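What you see is a predicted model; the values in this text were computed from it and never measured.
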Protein chains: 2
Amino acid sequence: MTGIGKKKATIYDLSVLSGSSPSTVSAVLNGSWRKRRIKEATAKLIQNLADAHGYTANLQARGLRSSRSGLVGLLLPVYDNRYFSSMAQTFEALVRSRGQCPVVVSACRDPEEERQVVETLISYSIDELFIAGATDPDGVHTVCEKAGLRHVNIDLPGTKASSVISDNFEGARLLTQAIIEHARRDGPVAPEDIYLFGGRNDHASRERIRGFREVKRSMLGADPDACIQPTGYSPAMTARAFEAFYQSHGKLPRAFFVNSSINLEGLLRFLAQHPHETFADIIVGCYDYDPFGSFLPFPVFMIRQDSEAMIAKGFAILEAKREPAVTHLIQPMLVPPRTALSGPLDTLKDVDGG
Amino acid sequence: MTGIGKKKATIYDLSVLSGSSPSTVSAVLNGSWRKRRIKEATAKLIQNLADAHGYTANLQARGLRSSRSGLVGLLLPVYDNRYFSSMAQTFEALVRSRGQCPVVVSACRDPEEERQVVETLISYSIDELFIAGATDPDGVHTVCEKAGLRHVNIDLPGTKASSVISDNFEGARLLTQAIIEHARRDGPVAPEDIYLFGGRNDHASRERIRGFREVKRSMLGADPDACIQPTGYSPAMTARAFEAFYQSHGKLPRAFFVNSSINLEGLLRFLAQHPHETFADIIVGCYDYDPFGSFLPFPVFMIRQDSEAMIAKGFAILEAKREPAVTHLIQPMLVPPRTALSGPLDTLKDVDGG
DNA sequence: CTTTTTTGCACAATCGATGGTGCAATGACT
DNA sequence: AGTCATTGCACCATCGATTGTGCAAAAAAG
């Protein structure tokens, strides 16, 4: 409580105050004092002094000396959608519960940015890194390896480090099947009735497209190439693809698979340009779960990826230090329309809730 | 490119390689070499060596010595909703563009956690801190001040540091007015037709409730206290409030104001328990913008808070070092139903978009 | 009352970068 | 040639913590 605006207390200050040496103070404050055979009384004395002066360790100094920082990084492509923001939320909670400090950064799907950001994290001696949805996981891997940083890929796999990803193939199968079955309620379904929008040439998109096509072939007997419309990940591009389809066909496909919630925002932009009623009968499957997306005015089947399981598995991999780079699949979950799942926020206590 | 898995190069390594002293190397690599009158040829030589060896500065060492880190912190209550995740996205971009490194952390609306997290950030000598939506801004302020850390409150104001917040009163007025006007399309509206759900006893909620009540009084002549249902911020509690209302009234209010998108998720949970058609005619106003929320099967008016302007203003305040703690209001924007606004993601380039 | 063991702690090097200071070499000028 | 200013850089203390090592004093053993 002493000293507002004063410099922060250091072990040297406490050393003078307590009459012990800095090393003793250090040992007491970092918990290694038993190993160092410090008398319990001494430890207590120093601990009390530290508390009284609001001592907190200078983590940069500690990190410099010990070349470990207690930081665990999560590299995201973007924050601004429910899949990644809930992943960040889960990550924070998990890292905190392990007594470490979470650091989340985004790199905007830019391979160069990804490497730079990771370099920066390395400069802070982070202890572990979760690389989520990286455009160039192997590029990041190289940077990490050079620095001896343990890391794991989440969501998009790399070839050089272990990865934990959704079973995109299976998820896509579930989703495609669900929208086709739903469409069949209104009569027979032809291959040209079912489209896929969004995604690009990354592993997840490829697997989802593969699952989509496989189910279409087995349920509908065919899958014309025209039904696959990879638009990239931007809402604007996706909206344009819907608009183009609409212009040439006079309607949207009867049912379609949207590659991610970001692409689904593209659908919103399209819808905003057109009267409400025109699209009351479309059926949508979206690979990603967004609670509001689930309640749109037409049936939206969604896939909820289990980011909690992915992060947890990621930690397990980092601890196991497996040598060969393996890829673990986490099963995603099909979410029927109008479903409000609980999320990471639900574990928070809501103080003063009235 | 040399050395995979080797230790990172330091200025000492480069010092040996270049035949210069460490301080010269340091000066060259941190850009202060002109001030230090280093020959250009020497600088070039060292720079080339550094590039060749992939040198990156150890930021912990630099931070320790200079007691500045280049880090700028953003403290969030949670990640997992569009308001805060888009704030994080904007923050990242802005900080990056200033050549600093963004660090985003969440504290789960827990005052104790808030202080602890900030202590940790301080231990890393962060240069500036944005405190967004803190439950106890003044508590955090105390911690910051003790460490001489420049900081600014965003979204929820404190009394001891400057703040940048939405004009919640005005936003609530706009929103309330919009839903009342919309409701009047179907006939006269009584005070008991319009409710407010969500929020708790924080500044934002209070201001919103004040705006809500003021508009109701002026447009409808009254505002019974029963129409205000502060449920806290959790979806579960909010859902319970809707359920309770429904049990006792046999329906939902004709129109209602929902305090935040998190509370709006509570509405989803309620809806999921009930048949679709029952609620086709409700009118909702939500204080927060979520693109999917805007397209729900009933009219949803939303308020989009301008987090970009808030962050930008926050930087301006930090730079100006204003002494008296002032509070700046940023005007939010009323978003009519079925509107897809573009967000921070739209400025990203989407490479490989096919 | 020695010798050995254990206890309790102090010393000092170290992590990597920064920045004040000092000093030799070079050039400019009288 | 002697003085002075300038250029170009090296030296060294410093930031705050960690950790291997050494050495007294106290306790135990002989």
Side-chain angles (χ1 to χ4, degrees), chain A residues 6-46 50 53-71 119-120 122-125 127 147-148, chain B residues 6-47 50 53-70 119-120 122-125 127 147-148:
Chain A
K6 278 181 194 162
K7 309 279 160 203
K8 305 216 68 173
T10 71
I11 54 169
Y12 298 96
D13 301 331
L14 295 179
S15 150
V16 172
L17 287 170
S18 68
S20 310
S21 76
S23 60
T24 300
V25 175
S26 170
V28 168
L29 295 174
N30 69 25
S32 69
W33 58 278
R34 286 207 169 279
K35 262 202 292 285
R36 291 191 140 255
R37 300 186 323 226
I38 308 294
K39 217 198 309 183
E40 182 142 8
T42 313
K44 281 228 166 90
L45 168 69
I46 293 176
H53 290 261
Y55 170 86
T56 50
N58 180 321
L59 299 180
Q60 303 211 69
R62 170 180 297 171
L64 173 59
R65 183 59 237 260
S66 56
S67 68
R68 303 183 352 90
S69 62
L71 298 176
E119 288 279 14
T120 304
I122 288 173
S123 302
Y124 283 104
S125 310
D127 299 337
Chain B
K6 278 180 195 163
K7 310 278 161 205
K8 303 216 69 174
T10 71
I11 55 169
Y12 298 95
D13 302 331
L14 296 180
S15 151
V16 172
L17 287 170
S18 68
S20 310
S21 76
S23 59
T24 299
V25 175
S26 169
V28 169
L29 295 175
N30 69 26
S32 70
W33 58 278
R34 287 206 169 281
K35 263 202 292 284
R36 290 192 140 253
R37 298 186 324 225
I38 307 293
K39 219 197 309 182
E40 181 141 10
T42 314
K44 281 228 167 90
L45 168 69
I46 293 176
Q47 195 57 259
H53 289 262
Y55 170 86
T56 50
N58 181 320
L59 299 180
Q60 305 211 68
R62 172 179 297 170
L64 174 58
R65 184 57 234 263
S66 56
S67 68
R68 304 185 348 93
S69 63
E119 288 279 13
T120 305
I122 289 173
S123 302
Y124 283 105
S125 309
D127 300 337

What distance do [X] atom [atom1] and [Y] atom [atom2] have between them, rounded to the nearest 0.5 Å?
{"X": "B:L14", "Y": "B:T24", "atom1": "CG", "atom2": "OG1", "value": "12.0 Å"}
{"X": "B:N30", "Y": "B:R62", "atom1": "CG", "atom2": "CZ", "value": "6.0 Å"}
{"X": "B:L64", "Y": "A:R65", "atom1": "CG", "atom2": "CZ", "value": "12.5 Å"}
{"X": "A:T56", "Y": "A:K8", "atom1": "OG1", "atom2": "NZ", "value": "2.5 Å"}
{"X": "A:Y55", "Y": "A:T10", "atom1": "OH", "atom2": "OG1", "value": "7.5 Å"}

Quick one: [X] [atom1] to [N] [atom2], roughly how many Å, whole number?
{"X": "B:I46", "N": "D:dC9", "atom1": "CD1", "atom2": "C1'", "value": "10 Å"}
{"X": "A:K39", "N": "C:dA10", "atom1": "NZ", "atom2": "C1'", "value": "14 Å"}
{"X": "B:L29", "N": "C:dG16", "atom1": "CG", "atom2": "C1'", "value": "12 Å"}
{"X": "B:L45", "N": "D:dC9", "atom1": "CG", "atom2": "C1'", "value": "14 Å"}
{"X": "A:I11", "N": "C:dA10", "atom1": "CD1", "atom2": "C1'", "value": "13 Å"}
{"X": "A:K35", "N": "D:dT18", "atom1": "NZ", "atom2": "C1'", "value": "12 Å"}
{"X": "A:L59", "N": "C:dG16", "atom1": "CG", "atom2": "C1'", "value": "17 Å"}
{"X": "B:E40", "N": "D:dC9", "atom1": "CD", "atom2": "C1'", "value": "16 Å"}

Do [X] side-chain atoms and [Y] backbone N/O form a donor-acceptor pair below 3.5 Å?
{"X": "A:S20", "Y": "A:S15", "answer": "no"}
{"X": "B:S26", "Y": "B:P22", "answer": "no"}
{"X": "B:S125", "Y": "B:S69", "answer": "no"}

Legend entry - Closest contact, heavy atoms only, A:A43 versus A:I38: N-CG2, 4.3 Å
Inset, instruction - Check A:L59 against B:Q60 and note the closest heavy-atom contact, atom names and distance. - result: O-OE1, 3.5 Å
Once you apply a heavy-atom cut-off of 4.0 Å, does [X] come out as touching a base, just sugar-phosphate, or nothing?
{"X": "A:S32", "value": "nothing"}
{"X": "B:R62", "value": "sugar-phosphate"}
{"X": "A:A27", "value": "nothing"}

Inset, instruction - Check every atom of D:dC9, C:dG8, D:dT18 against the side chain of B:I38 and return the nucleotide holding the closest atom. - result: D:dC9
Inset, instruction - Go through D:dT21, C:dA17, C:dG19 for me and flag the one nearest to the B:R36 side chain. - result: C:dG19
Legend entry - Residues in contact with DNA chain D, drawn from residues 16-25 of chain A - heavy-atom cutoff 4.0 Å: A:S23
Legend entry - N/O (side chain, A:Y124) to phosphate O (OP1/OP2, C:dG16) under 4.0 Å: no
Legend entry - 5' priority, DNA chain C, between B:T56 and B:R37 [closest heavy atom]: B:T56
Could you write out each protein N or O paired with an N or O of nucleotides 13-15 of chain D at a distance under 3.5 Å?
residue	atom	partner	partner atom	Å
D:dT14	O2	B:R65	NE	3.2
D:dT14	O2	B:R65	NH1	2.9
D:dC15	O2	B:R65	N	3.3

